[in-house]
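Report on the following structure.
Both backbone and side-chain heavy atoms feed into the values below; hydrogens, waters and symmetry mates do not. Throughout, protein chains are lettered first and strands after them, A, B, ... in sequence-line order, and every chain is numbered starting at 1.
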Amino acid sequence: MEKQFRPASVELRWRQRWEQLAIGHADVSSRRPTYVIALPPPNITGALHMGHACGFSIQDTLCRQKRMAGLDVEWCPGTDHAAIATQNVIERQLADEGTTKEALGRAAFQARVDAWYEEYGGRIYEQMRRLGYTCDWVRSRFTLDPEYVRAIRVVFKELFDSGLIYRGPRIVNWCPRDRSAISDEEIEWREHRDTLYHLRYPIDGGGEIVVATVRPETMLGDTGVAVAPGDPRYAPLVGRTVTLPLTGRRVPIVADSAVKPEFGTGALKVTPGHDPTDYEIGHRHNLDVITVMAPDGTMDVPSLPQFHGLPVEQAREAVAAALRVAGVLVATEEYVHDVGHCDRCGHVLEPLISEQWWVRMHELAQPAIAVVESGEVAFHPRRYADVYLTWMRNIRDWCISRQIWLGHAIPVSRCGNGHTFAWLEHPVACAHCGDAQLVDDPDVLDTWFSSALWPFAIFGWPEETADLRRFYPTDVLVTGRDIIFLWVARMIMTGLRFTDSKPFSEVMITSIIQAADGSRMSKSKGNVVDPLDMVERYGADAVRAWAAAVGTGSQDVRFDAERIEAYQRFANKLWNVTRLLVLSLGGGGEVMHAPRTPNPEELQAEDRWMLVELARLSDDVDASFTTYRFHDAVSRLYDTAWHSYCDWYVEMAKLRLRDSADEPSRNAAAWTAITALDAILRLLHPFMPFLTEECAQHLPAAAPTLQHREWPASPGWWRDEPARQAHEEVGWLIDVVQRIRALRQERGAERNREHVALVLDGDTRALGIDRAAALAAELVPATLVDAHGNGASPDVIPVGGLRARIAVRAAAPAERAAGGKRLRQLDSTIARMRAQLGNEGFIRQAPGGVVDGVRRRLAEAEAEARALRETVGDGSGQATSQQW
RNA sequence: GGGCGGAUAGCUCAGUCGGUCAGAGCGCCUCGCUUACACCGAGGAGGUCACAGGUUCGAGUCCUGUUCCGCCCACCA
C-alpha cells in the first residue's frame with residue numbers, strides 16, 4: 001500500500017468493477033422491494049456543472065445506501081433535448097459561419113442538431129461515470145426517443161380531447177430573438193433604468209389628460225385611456241374621448257380598478273395589443289386591440305412610414321422626438337423598474353397578441369394541491385411545500401407552443417373543412433370527415449411539456465410495461481428549487497392525471513451552488529467550475545463528500561474548493577489508518593488476519609467505548625438518511641472516523657496490537673479495530689465509494705464490492721449499560737489526557753514522557769484504575785509514578801470519577817505562570833455557575849437534571865481551580881515547585 | 001407590493017427540543033518528521049452569535065421591530 005491515497009489510480013478500476021457487476025442495473029423480475037429515482041435529465045447540450053455534481057452525487061448516495069439496505073434500486077438516467085437552448089447554440093454557430101438556419105433549410109439544420117446531440121450526450125454520461133454514479137445505464141432515456149414521443153402525443157391528445165388544451169389568441173411573452181412565445185415561468189426579470197414619459201393627450205371638446213409611460217412607441221397602438229374609478233381629478237372625464245397624437249385615433253377614457261391613482265399622473269394609456277394589464281383593461285371595456293409590432297420586434301405600422309420597420313429602441317426615440325415636437329411630451333423622469341427577459345437568450349420580451357396553444361391548469365392543479373397538503377408528497381426542507389402550494393393555488397394557464405424549429409411537433413392537424421384534431425401517428429386524412437387536405441400545426445411544444453412526463457414516460461408509459469409496473473411510482477425526486485414550478489409541479493399534475501399515482505413521494509430540494517463571491521455561476525461570467533477538474537484535483541470521493549456536506553441544510557453555498565480539499569485529506573487519513581492495521585495485523589500480503597471473535601469479557605473498556613461510538617454513529621447516519629440531512633451524516637462520519645477512531649481508539653489500541661504476549665488482549669483489540677473500521681467504511685461508502693471499496697479490500701471480510709455488503713446495524717450489547725458505563729469512563733480518561741497535555745505545553749515542557757509525572761486514581765467500574773493510568777501515561781505521554789496514589793503531587797485534574805495528579809517539569813519559571821490562564825477561565829465559569837445556583841427561579845423551575853449538572857460542573861471546576869492554585873499558582877509566579 | 005432565506009471566529013459554514021452551544025474546516029501562532037498518515041500529530045490565539053426591544057429562572061435558539069445581503073412571486077404604466 002502506498003503512503004498516500006491516489007484517487008486517480010483506483011477510480012477507473014472500481015468504475016469498471018461496478019459496471020461488470022451491474023451494480024446499477026435493477027432486475028425487473030426480482031421480488032425484492034424497489035427504490036427508484038428518476039434522474040432529473042440534464043440538458044444534453046451542456047456539460048455538467050457543480051450544481052449537477054452536487055444533486056447527482058446525493059442521488060447516488062441515496063441509491064448506494066438503499067442497495068446496502070437490501071432494496072432493488074433503479075436510478076434511471078437520461079437527457080433532455082432542450083429545444084430552445086439547443087437551437088440557440090446551433091444558431092450561434094451558424095451565425096459565426098456567416099449563415100442562418102433558414103439558408104441551411106430544415107433538413108440540414110436537423111442534421112447539425114443530431115450531430116450535436118451525438119457529441120454531447122456521451123460527454124454528460126462520461127462525467128457522471130467519472131463521479132462514480134451507479135445509474136441503470138441500460139435504461140437511459142432521451143426525450144426524443146420514439147417511445148417517449150409516443151407518450152407525449154398520448155398526453156397531448158387526451159388533454160386536447162378533453163378540452164384542457166386549447167388554442168387561442170392571447171397576449172403572450174414574445175421573444176423577438178427566438179421569434180417564439182414563452183411561458184410565464186420562463187421570464188427572467190431584470191432591473192432597468194428607464195425614462196418615464198408624460199404625454200399630454202387632448203380631450204375632444206376641450207381639456208387634456210396627461211398619461212405616463214415608459215414605452216411611448218406603443219402609443220401608436222393605444223385604444224383608450226384609463227383612470228382609477230372615483231379619482232376626483234378625472235371622474236368628470238370618464239366617458240369622453242381623446243384624439244391621439246400621431247395616429248389621430250379617437251379613443252375613450254374609461255375607469256378601471258387596475259389603475260393606481262398614485263402612480264405617475266394617475267392616468268394610463270391603454271395599449272391592449274402590447275401590455276398584459278392593458279389587455280385585461282381593454283377586454284373589460286371592449287377596447288380595440290391594435291398590434292403595432294412585428295414578431296421580429298420591429299414596428300409594424302405601414303400607415304406611419306417614419307416609424308415602420310424601426311426596432312423598438314429606435315422607435316421609442318423617434319416617437320418621443322415626434323411627440324416632443326408636437327408638444328405632447330410634457331415631462332420625463334428617471335424610472336427604475338423590472339423588465340422581462342427571455343431566460344434562454346436574454347432578449348427583452350415584448351408582450352404581444354398571438355395565437356398559441358394553452359393548457360388549462362386549474363383543473364389539473366387541484367389534485368396536485370391535495371397530495372402536497374396531505375403530505376402524500378413531502379418536500380425537504382418542508383418550507384418548499386408552501387412555495388409550491390402558493391404557486392399552484394394561483395396557477396395560470398400554461399402556454400405550451402413555441403415557434404421554433406427544434407422540439408416535439410404539436411400533434412395537431414387541420415383539414416380543409418376546418419376540423420382540428422390531435423393525433424398519435426401522423427394521419428393521412430381528417431379524423432372527422434376524411435378530408436385528405438391536411439395542414440399540420442407548425443409549432444413545437446415547450447420543452448417542459450415533455451419533461452413533465454419524465455417519471456413515467458421513462459418506464460414505457462402508456463404501455464403497461466413490466467418496468468412501469470415495477471419501477472413506478474418513483475420514491476424521491478432530488479432537484480433544485482429553481483425548477484419547482486417549471487418541472488416538479490407539472491410532473492405531479494401529469495402523474496396524478498395520467499397514472500393515477502403521485503410520481504414520487506418525497507421531493508428533496510438541494511442547495512444552489514454559487515460562485516465564490518456569491519454570484520451565480522454562469523458561462524458568460526466565466527466563473528463556472530467543471531466537476532471533472534475537481535475530480536482530477538481532489539478525487540471523486542472528495543467531490544461527493546463535499547456535495548453531501550453542502551447540498552442539504554437549505555442554505556445556498558458559495559463554492560470553496562478548500563472544502564473539497566478537506567475531504568481529500570479525510571480520504572487520505574482513512575487510507576492510512578487502514579495501512580496501519582495492515583502493517584500491524586497483516587497476515588502476509590496486504591490483507592489483515594481475521595481475528596477470532598472475542599468473548600465479551602475479553603474486551604477492554606476502550607474497545608467498548610469504540611463500539612458505543614459506532615452504535616451512535618450508525619444511529620445518527622440512519623437518521624440523516626431519513627431526514628435528508630446529509631451534512632449531518634458527513635460531519636458525524638468525519639468526526640467519528642478521524643477523531644474517535646484514528647485519534648483515540650487506534651492510539652489506545654496500538655500497544656495491545658503490538659503485544660504478542662497477551663493473545664486475548666491483542667485479539668480483542670484487533671477485532672475491535674477491524675470491526676470498527678469495517679463499519680465506518682460501510683457507513684461511509686455511499687458518500688465516498690472509491691476510497692471505501694479500496695480500503696475494504698484489505699479487510700478480512702472483503703467482498704467483491706461494498707455494495708454487496710449489508711448496511712451496518714449495531715448489536716444490542718453495544719448499547720447496553722456496561723457499554724455505556726465503559727464509554728463514560730473512557731470519556732473521562734480522554735478529557736484528563738487533554739488537560740494534562742494542555743498544561744504540559746502551557747508550561748513549556750517538551751512532549752516527552754519524562755517531563756510529566758502522573759498519578760491517577762478514582763472510582764471506575766468498567767475501566768480499571770490501573771488500566772486507566774496505563775492508557776493515560778501512554779497517551780499523554782507521561783511517566784506513571786504510582787498507580788495507587790502514593791505519589792507526592794497534589795490533585796490537579798478531576799474529571800468525572802477520575803482524579804489525576806501530575807507534576808510537570810517546567811522549562812522556565814516564567815512560563816509556569818501560563819497555568820493562570822486556565823485559572824481565569826475556571827474562575828469566570830465558577831462565578832457564572834454560582835450565580836446561576838443562587839437564583840431561586842433557576843432552582844425551582846429548571847429541570848432537576850440541569851440543576852444537578854451545573855452543581856456537578858461547579859464542584860469539578862472548584863476542585864480543579866483549587867488544585868491548580870496549589871501546583872501552578874495564580875500566575876503571580878509563586879507557584880509551588882513540584883519535583884519528584 | 002407580498003413572501004422566503006441569510007447575517008455566528010480573518011474566510012467558508014454547522015449549531016435539531018431554550019439549559020456542556022460558543023463549534024468545524026481552512027488560515028494564523030507554538031511545539032513535534034514519535035516505525036499509519038507532514039495531505040500528519042499535540043497544544044493555542046481568535047466571536048457583544050447584525051441591531052433594538054420583549055417573553056423566560058435562563059435566549060445564538062422563541063416573539064416584535066429595524067438594518068443590510070440573496071432569492072421567489074405579483075396586472076409597478
Side-chain angles (χ1 to χ4, degrees), chain A residues 1 3-5 171 184 189 196-197 211-215 218 226 258-260 262-271 275-281 335-338 381 383-384 386-387 390-391 394 481-482 484-485 512 514 516 518-520 538 549-550 553-560 562-563 565-584 623 627 629 631-632 635 638-639 646-647 650-651 654 658 738 741-746 748-753 779-781 818 821 829 836 839-847 849-851 853-854 857:
Chain A
M1 288 179 81
K3 272 178 106 168
Q4 279 187 7
F5 177 61
I171 193 148
D184 293 339
W189 294 95
L196 191 61
Y197 299 85
V211 299
T213 180
V214 287
R215 305 183 62 199
T218 64
V259 179
K260 292 184 176 134
E262 68 280 3
F263 187 90
T265 61
L268 169 68
K269 64 188 264 314
V270 182
T271 319
D275 184 280
T277 307
D278 293 9
Y279 183 77
E280 298 293 327
I281 295 174
Y335 180 57
V336 177
H337 64 145
D338 287 341
R383 68 171 182 279
Y384 289 112
D386 291 330
V387 175
T390 304
W391 184 77
N394 299 302
R481 75 169 120 72
D482 49 331
I484 289 177
F485 306 146
I512 287 177
Q514 302 171 329
S519 67
R520 240 179 117 102
Y538 305 113
V550 305
S554 84
Q555 182 168 267
D556 292 344
V557 60
R558 297 178 177 210
F559 180 74
D560 179 4
E562 283 184 352
R563 267 190 100 164
E565 195 181 350
Y567 295 109
Q568 180 192 27
R569 291 199 179 92
F570 179 52
N572 193 55
K573 185 73 181 177
L574 280 174
W575 173 251
N576 271 289
V577 81
T578 305
R579 258 185 85 220
L580 169 68
L581 295 197
V582 167
L583 295 173
S584 308
T627 53
R629 293 171 56 91
H631 57 294
D632 284 345
S635 89
Y638 185 100
D639 283 344
C646 295
D647 290 349
V650 171
E651 291 302 324
K654 265 181 184 173
R658 289 172 191 146
Q738 285 182 319
R741 284 172 176 169
L743 259 184
R744 177 191 63 206
Q745 186 140 343
E746 274 177 27
E750 286 174 40
R751 185 184 183 281
N752 186 322
R753 186 176 293 273
L779 291 168
V780 169
K821 182 181 162 310
T829 306
Q836 204 172 4
N839 180 333
E840 273 183 46
F842 176 67
I843 303 297
R844 203 170 52 242
Q845 294 185 46
V850 173
V851 177
V854 173
R857 295 200 302 278

Using a cutoff of under 3.5 Å, can you pull out all pairs of nitrogen or oxygen atoms linking the protein to nucleotides 57-63 of chain B, with atom names and distances?
residue	atom	partner	partner atom	Å
B/C57	OP1	A/Gln845	OE1	3.3
B/C57	OP1	A/Gln845	NE2	3.0
B/C57	O2'	A/Asn839	ND2	2.4

Tell me, please, which residues at least two apart from [X] pass side chain to side chain donor-acceptor pair (under 3.5 Å).
| X | result |
| --- | --- |
| A/Arg658 | none |
| A/Lys654 | A/Glu651 |
| A/Arg751 | none |

Closer than 4.0 Å, any side-chain N/O of [X] to the OP1 or OP2 of [N]?
| X | N | value |
| --- | --- | --- |
| A/Arg629 | B/G15 | yes |
| A/Arg658 | B/A36 | yes |
| A/Lys573 | B/G41 | yes |
| A/His631 | B/A24 | no |

Check the interface with nucleotides 10-13 of chain B: list each N/O to N/O pair with the protein under 3.5 Å, or write none.
residue	atom	partner	partner atom	Å
B/C13	OP1	A/Arg558	N	2.8
B/C13	O3'	A/Gln555	NE2	3.4

Query raised in the report: If we ignore angles and hydrogens, is there a donor and acceptor under 3.5 Å between the side chains of A/Asn572 and A/Arg569?
Result: no
Which part of the nucleic acid does [X] contact within heavy-atom distance under 4.0 Å: base, sugar-phosphate only, or nothing?
| X | answer |
| --- | --- |
| A/Lys260 | base |
| A/Phe570 | nothing |
| A/Ala267 | base |
| A/Arg751 | base |
| A/Ala566 | sugar-phosphate |
| A/Gln738 | sugar-phosphate |
| A/Val577 | base |

Which one, [options], comes nearest to the side chain of [X]?
| X | options | answer |
| --- | --- | --- |
| A/Arg569 | B/G43, B/C76, B/C26 | B/C26 |
| A/Phe485 | B/A42, B/G43, B/C72 | B/C72 |
| A/Asp338 | B/G25, B/A74, B/A77 | B/A74 |

Query raised in the report: With a 6.0 Å cut-off on ring centres, are A/Phe5 and A/Phe570 close enough?
Result: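 No, ring centres 6.0 Å or more apart.
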**Report entry** salt bridge (Lys or Arg N to Asp or Glu O under 4.0 Å) involving A/Arg629 - partner list, sequence neighbours excluded
**Finding:** A/Asp632
Base paired to [N] (Watson-Crick or G-U; both N/O distances under 3.5 angstrom):
| N | value |
| --- | --- |
| B/A59 | none |
| B/U64 | B/A52 |
| B/G41 | B/C31 |
| B/C11 | B/G25 |
| B/G1 | B/C73 |

Report summary line: note: A/Glu280, atom CD; B/A74, atom P; distance rounded to Å ~ 14 Å
Report task. Take the protein atom CG of A/Leu583 and the nucleotide atom P of B/C37, then report the distance between them rounded to whole Å. Result -> 8 Å
Requested in this report: Answer yes or no: side-chain N or O of A/Glu651 and base N or O of B/A42 forming a donor-acceptor pair under 3.5 Å.
Outcome: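 Answer is no: no donor-acceptor pair is held.
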Report summary line: Comparing A/Ser635 with A/Arg857, nearest RNA chain B nucleotide closer to 5' gives the residue A/Ser635
**Report entry** Closest-nucleotide 5' rank along RNA chain B - winner of A/Thr265 and A/Leu581
**Finding:**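 Result: A/Leu581.
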Query - Anti or syn - B/C26, cut at 90° from 0 - result: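 B/C26: anti.
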Query raised in the report: Counting only N and O atoms by type, is there a donor-acceptor contact under 3.5 Å from the side chain of A/Thr218 to the main-chain atoms of A/Arg215?
Result: yes
